[in-house]
Every structure is written in C-alpha cells, then in structure tokens.
Amino acid sequence: MSIKPMEIALDEARAAAARGEVPVGAVITNPQGVVVARAGNRTRELSDPSAHAEMLALRAACAAAGSERLPGHALWVTLEPCPMCAAAIGFARIARLYYGASDPKSGGVAQAPRVFTHPQCHHAPEVYDGIAEEPAAALLRSFFSSLRR
C-alpha cells in the first residue's frame, strides 16, 4: 500500500502546527484507496476539545458517505489516537488504522486503556503502527520544544 495517505496526513499536521495547534493530521481513504477526507487538529481554532484531526476527518468522511459507518475505509493519522478518537474509529467501523508516532501519555490504542481490546468495543480495526513514525514524532517534538522556550 502506498505511503501517500500518510504524506497527506503529515501535511495536515504541519498545517495544524502553523495554526498553533498540536501537529496531528488524519486522512481517510475509501475501500479503493481514494482520499475521501483529510483534517488537522483544530481544537483551539474551534474552541472544541473534540476537534481532533481524526474526529474531523471521520465527520467529513461520514458526511460524504451519507452514513455514520465507513466499512472498508482506512484511517491514517500521524499520532496514536486518544481514547475518544479510538472509540469513534470503532463506532465508524473503520477497517484499518495506520498511525505514526506512539503516544505513551495519551494514546488509547497501544497504551492503556487499549480501547479496541475492551469487551464493550463492538468493532476493532486492523492496526498498523510506526508508519512514518520519525517525521511524525519530529513534528511533535519541534512543536512542544518551541512552547518551552
């Protein structure tokens, strides 16, 4: 599978950083691999704690599909999804999740609470981590180090 969707997600993350947002980007591809939604974090811009890149991309893809479910679709995100986003990914029935950097502090997929392993989880996507991990992690390190100056 092409890395192109992750390159687009990295572009979205860079755009988020330029807006003063935490640099996270997300892309959703349909079963044919065509990009149907893309977004970067906008929590500050929209004054909305749920405006994570994944949530915005899921909303756009669902609106385009005319459905709350996206079977066969893949989500590409630069950072391991948080528990809120992981739950929404399951609710949307995303088939495959690809993410870049792990998030030991706030991740919800490989880190506790491991949302997809809970018995209450109705759908768990196939998960592929470490996709373009270094550029995704570098964006985050750069962003947070600039805040500490």
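Along the sequence shown, residues are numbered consecutively beginning with 1.
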Looking only at heavy atoms, the pair that brings A39 and A57 closest together is CB-N, 3.8 Å
How long is the gap from CG on D103 to SG on C82, to the nearest 0.5 Å? 8.5 Å
Just by modelled atom types, is the I94 backbone N or O under 3.5 Å from a matching donor or acceptor in the H123 side chain? yes
Mind listing the side-chain donor-acceptor pairs of residues 8-21 below 3.5 Å, one per line with the distance, residues two or more places apart or on another chain?
residue: D11; atom: OD1; partner: R14; partner atom: NH1; Å: 2.8
residue: E12; atom: OE1; partner: G40; partner atom: N; Å: 3.4
residue: E12; atom: OE2; partner: R38; partner atom: NE; Å: 2.7
residue: E12; atom: OE2; partner: R38; partner atom: NH2; Å: 3.4
residue: R19; atom: NE; partner: E45; partner atom: OE1; Å: 3.4
residue: R19; atom: NH2; partner: N41; partner atom: O; Å: 2.8
residue: E21; atom: OE1; partner: T43; partner atom: N; Å: 3.1
residue: E21; atom: OE1; partner: T43; partner atom: OG1; Å: 3.2
residue: E21; atom: OE1; partner: R44; partner atom: N; Å: 3.1
residue: E21; atom: OE2; partner: R44; partner atom: N; Å: 3.1
residue: E21; atom: OE2; partner: E45; partner atom: N; Å: 2.8

Going only through I, L, V, M, F, W and Y residues with side-chain contacts under 4.5 Å, is there a path from M55 to I89? no
Among residues at least two apart in sequence or on other chains, which ones pass side-chain contact (heavy atoms from CB on, under 4.5 Å) with A86? V109, V115, F116
Nearest atoms (heavy-atom pairs only) where P23 meets T78: O-OG1, 3.9 Å
Search all heavy atoms of G108 against all heavy atoms of P113 and return the closest pair with its distance. CA-CD, 3.9 Å
When clusters are formed by joining ILVMFWY residues with side-chain heavy atoms under 4.5 Å apart, either directly or through shared neighbours, do V77 and L140 land in the same one? yes
Checking H122 against R93 for the side chain to side chain contact (heavy atoms under 4.5 Å, CB included) test, could you report, in this order, the C-alpha distance in whole Å, the side-chain angles of both residues, the deciding distance, and whether it holds? CA-CA 9 Å; H122 297 289; R93 304 301 196 265; 4.0 Å; yes
Students should find that the hydrophobic cluster of V34, defined by side-chain heavy atoms under 4.5 Å apart, otherwise consists of none
Apply the test side chain to side chain contact (heavy atoms under 4.5 Å, CB included) to residues E54 and V24: give CA-CA distance (whole Å), side-chain angles for both, the deciding distance (0.1 Å), then the verdict. CA-CA 9 Å; E54 303 96 304; V24 177; 4.2 Å; yes
Path from V127 to L58 over hydrophobic side-chain contacts below 4.5 Å: yes
Tell me, do V27 and M6 make a side-chain contact under 4.5 Å, heavy atoms counted? no
When you group the ILVMFWY residues by side-chain heavy-atom contacts below 4.5 Å and let the links chain together, are V36 and L75 in the same group? yes
Taking side chain to side chain donor-acceptor pair (under 3.5 Å) as the cut-off, I'd like each qualifying pair that reaches into residues 106-121, sequence neighbours left out, listed once. E80-Q111
Would the distance check show the side chain of S146 and the main-chain N or O of F143 forming a donor-acceptor pair, the cut-off being under 3.5 Å? yes
Set of ring pair (Phe, Tyr, Trp, His ring centres under 6.0 Å) partners for F91, sequence neighbours left out: none
Please find the pair of heavy atoms, one from A37 and one from A60, that lie closest to each other, and give the distance. CB-CB, 3.9 Å
Rounded distance [0.5 Å steps], NE2 in H73 versus CZ in R96: 10.0 Å
What residues form a side-chain contact (heavy atoms from CB on, under 4.5 Å) with D48, not counting sequence neighbours? L46, S50, A51, R59
Working to the nearest 0.5 Å, report the span between CH2 of W76 and OH of Y98. 5.0 Å
